[in-house]
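Worksheet: one structure, shown below.
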Amino acid sequence: MTAYQQDIFDIVRLIPKGRVTTYGRIADYLALGSARMVGWALNQSHVFDATIPAHRVVNRKGELTGRLHFESPNRMQELLEKEGLIIKNHCVQNFENHIWSPEEIDPDC
DNA sequence: CCTATGACGCCGG
DNA sequence: GCCGGCGCCATAG
């Protein structure tokens with residue numbers, strides 16, 4: 001596993017239950033230069049650690065664009081709904097209220 | 001090497 | 001606000 005993949009996985013693991021973040025925000029925070037790299041890394045994530053909450057990463061509009069890469073097409077939605085989110089039309093409802101940023105990480109906590 | 005392909009996102013029309 | 005175009009960059013072939 002490469003260094004940046006490790007970094008991406010570490011960030012994703014920090015996403016609180018019931019919250020979501022975007023490919024772009026993770027890419028910006030790690031200064032990767034490309035949001036695509038986040039999606040690519042997550043695609044491989046289960047190979048290294050199946051417990052990574054990859055379902056909590058959506059695109060900038062709140063769409064579950066990664067859903068087709070899970071065990072079943074509705075698995076991503078099920079996991080998010082189980083965490084209290086409402087998904088409609090493959091989109092996170094009330095997206096702005098549930099979004100989380102790596103910037104929120106507080107070293108003192 | 002060179003091209004195509006993404007779990008993306010910005011910018012201009 | 002919706003598209004289309006383009007930049008992005010690792011990987012596969």
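A, B, ... follow the sequence lines: proteins, then strands. Residue 1 opens every chain.
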From A:Thr21, A:Val12, A:Ile8, residue fulfilling side-chain contact (heavy atoms from CB on, under 4.5 Å) relative to A:Val38
A:Ile8
Atom-pair distance (CG on A:Asn43; C1' on C:dA12), nearest Å:
13 Å
From OH of A:Tyr23 across to C1' of B:dC10 the rounded distance in Å is 18 Å
Rounded to whole Å, CG of A:Leu79 lies from P of B:dA7 at a distance of 19 Å
Nearest-angstrom distance from the residue atom CG of A:Leu42 to P of B:dG6:
17 Å
When you compare C:dC2 with B:dA7, how far apart are their C1' atoms, in angstrom units rounded to a whole number?
22 Å
Among all residues two or more places apart in sequence or in another chain, which pass the salt bridge (Lys or Arg N to Asp or Glu O under 4.0 Å) test with A:Asp28?
none
Whole-Å distance between B:dT5 C1' and A:His69 NE2?
12 Å
Protein-nucleotide distance (A:Asn59, atom CG; B:dC10, atom C1'), rounded to Å
13 Å
Those residues at least two apart in sequence (or on a different chain) that pass side-chain contact (heavy atoms from CB on, under 4.5 Å) with A:Asp7 are A:Leu30
Apply salt bridge (Lys or Arg N to Asp or Glu O under 4.0 Å) to A:Arg60 and list each qualifying residue two or more places apart in sequence or on a separate chain.
none
Pairing residues for A:Asn43 by the side chain to side chain donor-acceptor pair (under 3.5 Å) criterion, not counting sequence neighbours:
A:His69
Determine, for nucleotides 4-10 of chain C in 5'-to-3' order, which nucleotides have protein heavy atoms under 4.0 Å from the base (write B), from only the sugar-phosphate (write S), or from neither (write -).
---BBSS
Remember a base hit wins even if backbone is also touched, and classify A:Ala54 as base, sugar-phosphate or nothing at under 4.0 Å, heavy atoms.
base
Please list, chain by chain and in numerical order, all residues satisfying salt bridge (Lys or Arg N to Asp or Glu O under 4.0 Å) with A:Glu96, sequence neighbours excluded.
none
